[in-house]
Engineer: 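Attaching a single structure in structure tokens format; questions to follow.
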Amino acid sequence: MNVQTATLERDITPTGSDYEIVRQAIEMISLDYREQPSLETLAEAVGETPSSLQKLFTRWAGLTPKGFLQAVTLNHARRLLDEGAPLLDAAFELGMSGPGRLHDLFVTHEAMSPGDYKSRGRGLTIRYGYHLSPFGIALVMATDRGLCGLAFCDAGEEREAFEDMARRWPNAAYVEDVAATLPYASRIFDPSRWQADQPLRVVLIGSDFQIRVWEALLRIPINRARTYSALAAEIGNPSASRAVGAAVGANPVSFVVPCHRALGKSGALTGYHWGLTRKRAMLGWEAGHFQPQAT
DNA sequence: GATCGCACTGAGT
DNA sequence: ACTCAGTGCGATC
């Protein structure tokens, strides 16, 4: 099947189509963050007027470009890591009537048996579909037990993303089925639907070690982060930070298993399978959508 | 069990 | 911020 012409389900969120512009702005912000590019500079570079960029960006991020810029600085990243100062979270959670913490409360997961893992997907039917998301095109994959894969790409890279995923379970049968994946996509990218009533079912397909790392990731609350070494300590292998990095990088259900919340000890983003810009976008987007009040 | 490669870290610049 | 080397560890054959 020609993945390039595969169905792309649009409009699962009102901000999905903003991402292309936002991505360019974020790339510029990251590259020139020392320069603190002005709104005018950014707007010109992405071919928008300052006011339309401001509006579009804020709709997407819940933050102005300036606010976003502050949210993705090293200092802010360090704050996400700070174990001792969850004051922001406490205040937020107490007053929380709206969106809750997605990952530790509202995702249920199961791990496939080691045998299933070793068979590299044999006997498994995986349904997949492409959906426009706040972070570009999302490739959603699911078995009948639940969500098993979530990948991201920009327009034109659909095939690469698919092959990247399919390599993990080469013996599975793949069926494009946008109707089957749409409910996952619309649920995942709409924070107003991050609620406990119907937890998102996730199937983790990986080695023992990887599963332990991914479960540790699921325990990181939104708007917090962990270092690779802290994650290593948490799973009982304090010196295995590098191996943890490798396992985090192999996470097949990105975003839902929040691998974007793993940072280097300095607060640096260090790496992301689907591109550092996307990791930055996710962290900024979460900051904008889940601060008690955006500043 | 050998070999490979890594989304680490810390020190030095 | 960037490079560099020392690393431990899991994955793979």
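None of the values given here were measured: they were computed from a predicted structure. Chain letters run A, B, ... following the sequence lines, proteins first and then strands; every chain starts at 1. The figures here come from the full heavy-atom set of this structure, side chains too, leaving out hydrogens, waters and symmetry mates.
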Engineer: Tell me: NZ of Lys265(A) to C1' of dA11(B), nearest whole Å?
Structural biologist: 14 Å
Engineer: To check you understand the geometry: which heavy-atom pair defines the closest contact between Glu160(A) and Gly156(A), and what is its length?
Structural biologist: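 Heavy-atom minimum between the residues: OE1-O, 4.0 Å.
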Engineer: Determine the interplanar angle of the His289(A) and Trp285(A) rings, folded into 0 to 90°, and report it as parallel if under 30°, tilted if 30 to 60°, perpendicular if over 60°.
Structural biologist: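 Because their plane-to-plane angle lies in the 30° to 60° range, the rings of His289(A) and Trp285(A) count as tilted.
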Engineer: May I ask which nucleotide in the shown strands pairs with dG10(C), Watson-Crick or G-U wobble, both distances under 3.5 Å?
Structural biologist: dC4(B)
Engineer: Where does the angle between the aromatic ring planes of His260(A) and Phe255(A) fall among parallel (under 30°), tilted (30 to 60°) and perpendicular (over 60°)?
Structural biologist: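 Rings of His260(A) and Phe255(A): parallel, under 30°.
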Engineer: Between the base of dA7(B) and the side chain of Tyr272(A), is there any donor-acceptor pair under 3.5 Å?
Structural biologist: no
Engineer: Under 4.0 Å from any atom of DNA chain C, heavy atoms only: list the residues of residues 235-252 of chain A that qualify, in numerical order.
Structural biologist: Asn237(A), Ser239(A), Ala240(A), Arg242(A), Ala243(A)
Engineer: What is the distance, to the nearest angstrom, from the NZ atom on Lys118(A) to the P atom on dC13(C)?
Structural biologist: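 Atom NZ in Lys118(A) sits about 13 Å away from atom P in dC13(C).
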Engineer: Give the rounded distance in Å between these two atoms: OH of Tyr117(A) and C1' of dG10(C).
Structural biologist: 10 Å
Engineer: What's Ser207(A) touching, base or sugar-phosphate or nothing? Going by heavy atoms closer than 4.0 Å.
Structural biologist: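 Ser207(A): backbone/sugar contact only, no base atoms under 4.0 Å.
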Engineer: Arg168(A) CZ to dT12(C) P: how many Å, rounded?
Structural biologist: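 Result: 12 Å.
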Engineer: Taking all heavy atoms of Arg193(A) and all of Ser186(A), pick out the closest pair and write down the distance.
Structural biologist: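 Nearest pair, atom of Arg193(A) first, then Ser186(A): NH1-OG, 3.5 Å.
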Engineer: Is there a donor-acceptor pair closer than 3.5 Å between any side-chain N or O of Asn237(A) and the backbone N or O of Ala240(A)?
Structural biologist: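 Side chain of Asn237(A) to backbone of Ala240(A): no pair is present.
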Engineer: If I take atom CZ in residue Phe255(A) and atom P in nucleotide dA7(B), what distance separates them, rounded to the nearest angstrom?
Structural biologist: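 The distance from CZ of Phe255(A) to P of dA7(B) comes to 22 Å, rounded to the nearest Å.
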Engineer: Once you round it to whole Å, what is the distance between P of dT9(B) and CZ of Arg78(A)?
Structural biologist: 13 Å
Engineer: CZ of Arg261(A) versus C1' of dA7(B): gap in Å, rounded?
Structural biologist: 17 Å
Engineer: Using a strict threshold of under 4.0 Å (side-chain N to carboxylate O), is an ion pair present between Glu20(A) and Arg23(A)?
Structural biologist: yes
Engineer: Considering every strand and a 4.0 Å limit on heavy-atom distances, what is the contact class for Phe209(A): base, sugar-phosphate, or nothing?
Structural biologist: sugar-phosphate
Engineer: How long is the line joining OH of Tyr228(A) and C1' of dT7(C), in whole Å?
Structural biologist: 17 Å
Engineer: Looking at Leu80(A), is its backbone amide N or carbonyl O close enough to the side chain of Arg224(A) to form a donor-acceptor pair, meaning the two atoms are under 3.5 Å apart?
Structural biologist: yes
